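A short worksheet on the structure shown next.
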Amino acid sequence: MKKEQLKKGLPPRYTGKCRNLTKEEKEKLKKEGRKPVIRFKLPENEKIVWEDLVKGVLEFDSSNIGGDFVIVRSNGIPVYNFVVVIDDHLMNITHVIRGEDHISNTPKQILLYKAFNWDIPKFAHLPIILGKDKSKLSKRHGSTSVEEFRSKGYLPESLINFLALLGWYPNEKLYKEISQKKEHPEIFTKEELIELFDLKDVNPAPAIFDTTKLDFINEFFIRKLDLDTLYKHLKEFVKVREDFDIKEIGDTLVIKIKDKEFKTDKKTFYKAIDLTRNYYKTLEDVFVYLKELLTDKFEIDKKALEFIKTNPESIKVIEKFFEKVKLEQVLNKDTFKKIVKSIQKELKVKGKKLYMPIRIALTGKLQGLELDTLIEFLGKERVINRLKNFFLEGEKND
RNA sequence: GACCCCGUCGUCUAGCCCGGCCUAGGACACCGCCCUUUCACGGCGGUAACGCGGGUUCAAAUCCCGCCGGGGUCGCCA
């Protein structure tokens, strides 16, 4: 039957074959062992109209919604369209807010409300979210669950902020008042969103799910949060990650990164975070940068190695630096500057050729936080440790 | 195919209802410059859009019609 309809270019729909069976006919079919379904008898030529809170006035014709639809299956279990109406009514639902893929269900549901003589709730059909290929967002487009974003190190407030902006923008008048005071025009706290949000301002057009802006929002929140709050987020974050952990044992913190553990105290931990937070995109990055500050053992990046090989005078710079560091009582930004200047004079190198070797010797990398800040944080003893390690590593590589 | 929804920068959008203030505004991304003897941060600046065609009008992104394009729904699934 269905195939025939499709062939003729007609939409598959119930033909009304058993719409008006007599008692005798029903009995006969029952005896044959046929189990009946219960269908909703559609009114003829009735317009079903509602004002959708997002899409505006929507109108369907009863002759155009697929024929008498099933409300109870032959096994006696009722179907969704029938059940939601009863359920929502019983729960005193006033607003039905859902994806626009439900638009075509709505006329059926409205008819049921009418048949029951129940109040019809307000409907709001939100546009669906599209993947990069503009089709309905699904698993094959990558992460789609909140859990995945959590475990990637996105803060809950970042996701909320991002999602709110996907298909919604604050009402101009309301927004203008507060926008003056805002640090950033599109960063919203939960409270602001609650204050500003209105279904009326939802854009009826579907939006593509592109997380570029989410990265920005997350960076922003991570930078602005106070350290205690950030710490709380980190504690939550490690719960969903096998490779990271933060244990508090008395005053010491044991930080697990991959299969290594580092001991430190909260004060140092906070200091380290504060120095590196401008580099974070996600909470995951916290650990990446922390590792650099918490241990003096490191490997030298390929590119860093390359730099040293192509700039042989680098070794001289590092040796000189080592010598001079040993002579200093304490290492801070000032003494660092002094040392660098004297190396510059004595070896006649400057710029990248002067700073890079030192950076590589201390971190094994070509980029990172500012050298003077790093050195002040490490202190003399650890700087010496690192330099020694560098020369040991160097021997291995030779 | 039928029915329905949608169509402003690469992306998220403001403006559209109530035509002139739109030479189309903002944000992210991108590019450039400045700051920094690296990178990032920060500051400044730049590239970039009304799907197309007809009307209506002195005037259209805004109103009307058609087309095109994209998406959704067509189950005894939810």
Side-chain angles (χ1 to χ4, degrees), chain A residues 2 5-14 35-39 52 54-56 58-61 63-67 69-84 98-108 125-136 162-172 175-176 179 184-187 200-201 203-217 219-220 223 276-281 285 289 307 337 340-341 344 349-360 363 365-372:
Chain A
K2 198 171 161 184
Q5 286 173 333
L6 244 24
K7 220 191 267 174
K8 287 179 194 156
L10 292 168
R13 58 173 286 175
Y14 175 63
K35 301 260 181 184
V37 297
I38 302 176
R39 289 176 184 270
D52 196 276
V54 172
K55 303 280 187 182
L58 260 25
E59 187 183 308
F60 284 81
D61 195 295
S63 63
N64 217 348
I65 56 177
F69 56 93
V70 173
I71 54 177
V72 181
R73 301 180 178 91
S74 53
N75 63 11
I77 297 172
V79 308
Y80 166 78
N81 268 327
F82 187 50
V83 169
V84 262
R98 48 174 27 169
E100 70 178 330
D101 45 344
H102 280 277
I103 287 180
S104 52
N105 284 327
T106 309
K108 296 177 188 171
H125 288 97
L126 271 13
I128 53 159
I129 296 173
L130 272 26
K132 286 216 169 67
D133 59 356
K134 294 193 176 175
S135 71
K136 196 172 168 182
F162 170 69
L163 253 18
L165 250 18
L166 205 65
W168 168 83
Y169 208 75
N171 174 277
E172 260 201 321
Y175 178 60
K176 258 184 188 157
S179 66
H184 184 98
E186 293 191 3
I187 298 287
K200 280 194 211 84
D201 302 318
N203 187 159
I208 295 171
F209 191 72
D210 178 349
T211 52
T212 316
K213 209 178 218 170
L214 173 64
D215 286 337
F216 166 79
I217 294 171
E219 279 173 61
F220 197 93
R223 272 180 211 133
T276 52
R277 66 195 308 185
N278 275 356
Y279 296 88
Y280 309 153
K281 251 193 168 74
D285 293 336
Y289 283 92
F307 181 93
K337 233 171 229 171
V340 169
K341 276 200 175 146
Q344 188 179 129
V349 284
K350 59 175 183 176
K352 240 182 181 171
K353 295 195 171 180
L354 172 59
Y355 281 80
M356 259 324 157
I358 299 174
R359 171 176 295 285
I360 293 167
T363 68
K365 294 193 171 80
L366 287 173
Q367 80 291 88
L369 72 164
E370 286 168 36
L371 269 182
D372 52 353

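Naming convention: chains lettered A, B, ... in sequence-line order (proteins, then strands); numbering from 1 in each chain. Owing to the predicted nature of the structure, the values given are computational and were not obtained by experimental measurement.
For Asp101(A), the side-chain contact (heavy atoms from CB on, under 4.5 Å) test picks out Ile128(A), Lys136(A), with sequence neighbours left out. Taking the side-chain contact (heavy atoms from CB on, under 4.5 Å) definition, one finds that Ile129(A) meets it with Leu137(A), Leu166(A), Phe209(A), sequence neighbours left out. A search for side-chain contact (heavy atoms from CB on, under 4.5 Å) contacts involving Ala164(A) returns Trp168(A), Leu193(A), not counting sequence neighbours. Listed by chain and residue number, Asn105(A), Gln109(A) satisfy the side-chain hydrogen bond (donor to acceptor under 3.5 Å, both in side chains) test with Asn81(A) (two or more places apart in sequence, or in another chain). Residues forming a side-chain hydrogen bond (donor to acceptor under 3.5 Å, both in side chains) with Tyr279(A) (at least two apart in sequence, or on another chain): none. Contacts of Thr276(A) classified as side-chain hydrogen bond (donor to acceptor under 3.5 Å, both in side chains), with partners at least two apart in sequence or in another chain: Tyr280(A). In this view, Phe82(A) satisfies the ring-ring contact (aromatic ring centres under 6.0 Å, His included) rule with no residue, not counting sequence neighbours. Residues satisfying the side-chain hydrogen bond (donor to acceptor under 3.5 Å, both in side chains) criterion with Ser135(A), sequence neighbours excluded, are Asp133(A), Arg140(A). Listed by chain and number, the residues in a side-chain contact (heavy atoms from CB on, under 4.5 Å) with Gln344(A) are Lys350(A), Leu354(A) (sequence neighbours excluded).
Note that the CZ atom of Arg277(A) and the CG atom of Leu369(A) stand 14.0 Å from one another [nearest 0.5 Å].
Within the shown strands, nothing qualifies as a pairing partner of rC21(B) under the Watson-Crick or G-U definition with both distances less than 3.5 Å. With a cut-off of 3.5 Å on both pairing distances, the Watson-Crick or G-U wobble partner of rU73(B) is rA2(B). Pairing partner, rC28(B): rG10(B), with both Watson-Crick or wobble hydrogen-bond distances short of 3.5 Å. With a cut-off of 3.5 Å on both Watson-Crick or G-U wobble distances, the partner of rU57(B) is given as none. The pairing partner recorded for rU36(B) is none, the criterion being a Watson-Crick or G-U wobble arrangement whose two distances lie under 3.5 angstrom.
Computed from coordinates, the Leu166(A) CG to rC28(B) C1' distance equals 12 Å when rounded to whole Å. Atom CG in Asn105(A) sits roughly 13 Å away from atom C1' in rC3(B) (whole-Å rounding). Between the CG atom of Asp201(A) and the P atom of rC12(B) there is a distance of 18 Å, rounded to whole Å. Look at NE2 on His184(A): it is 11 Å from C1' on rC12(B), rounded to the nearest Å. Rounded to an integer number of Å, the gap from Asp101(A) CG to rA78(B) P is 15 Å. In this structure, the CD1 atom of Ile217(A) is 10 Å from the P atom of rA29(B), given to the nearest Å. Rounded to whole angstrom, the span from the CD1 atom of Ile129(A) across to the C1' atom of rG71(B) amounts to 14 Å. The CG atom of Leu163(A) sits 15 Å away from the C1' atom of rU11(B) (whole-angstrom rounding).
Across rU36(B) and rC44(B), the matching C1' atoms stand 16 Å from one another, rounded to whole Å. rA24(B) and rC9(B): their C1' atoms are spaced 10 Å apart (whole Å). Nucleotides rC18(B) and rC3(B), compared at atom P, are 28 Å apart to the nearest Å. Spacing between rG69(B) and rU8(B) at atom C1', rounded to whole Å, works out to 15 Å. Atom C1' of rA27(B) sits at a distance of 15 Å from the matching atom of rA49(B), rounded to the whole Å. Taking atom P in both rC21(B) and rC16(B), one finds a spacing of 12 Å when rounded to whole Å. Taking the P atoms as reference points, rG75(B) lies 48 Å from rG26(B), given to the whole Å. Between rA48(B) and rC12(B), the two C1' atoms lie 15 Å apart (nearest whole Å).
Residue His125(A) is classed as having no contact, given no heavy-atom separation below 4.0 Å to the nucleic acid. Residue contacts shown for Gly167(A) are limited to sugar-phosphate atoms, with no base heavy atom under 4.0 Å away. Residue contacts for Val37(A): at a heavy-atom cut-off of 4.0 Å it reaches a base atom on one of the strands shown. Counting any heavy atom pair closer than 4.0 Å across all strands shown, Lys365(A) reaches no nucleic acid atom.
Annotation for His125(A) and Asp52(A): closest pair ND1-OD2, 2.6 Å, computed over non-hydrogen atoms. Nearest approach of Leu366(A) to Met356(A), heavy atoms of both residues: O-CE, 3.1 Å.
Contact of Ser74(A) with rC76(B) (side chain to base): a donor-acceptor pair of N or O atoms is detected under 3.5 Å.
Closest contact between the side chain of Tyr80(A) and the listed nucleotides rA78(B), rG71(B), rC12(B) involves rA78(B).
In this structure, Tyr175(A) and Asn171(A) have side chains that are not in contact, with every pair of non-hydrogen atoms separated by 4.5 Å or more.
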- Worked verdict on Glu100(A) versus Val54(A) for side-chain contact (heavy atoms from CB on, under 4.5 Å): CA-CA 10 Å; Glu100(A) 70 178 330; Val54(A) 172; over 6 Å; no
Check the interface with nucleotides 16-26 of chain B: list each N/O to N/O pair with the protein under 3.5 Å, or write none.
| residue | atom | partner | partner atom | Å |
| --- | --- | --- | --- | --- |
| rG26(B) | N2 | Glu186(A) | OE2 | 2.9 |

Could you go over nucleotides 4-10 of chain B and give all protein N or O partners under 3.5 Å, atom names and distances?
| residue | atom | partner | partner atom | Å |
| --- | --- | --- | --- | --- |
| rC5(B) | O2' | Lys55(A) | NZ | 2.5 |
| rC5(B) | O2' | Glu100(A) | OE1 | 2.9 |

- For nucleotides 36-48 of chain B, just jot down a letter per nucleotide in 5' to 3' order: B, S or -, based on protein non-hydrogen atoms under 4.0 Å. -BBBBS-------
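Taking for each of Pro170(A) and Lys136(A) the nucleotide of RNA chain B with the nearest heavy atom, the 5'-most of the two is the partner of Pro170(A). Residue order along RNA chain B, read from the 5' end via each residue's closest nucleotide, puts Ile208(A) first among Ile208(A) and His102(A).
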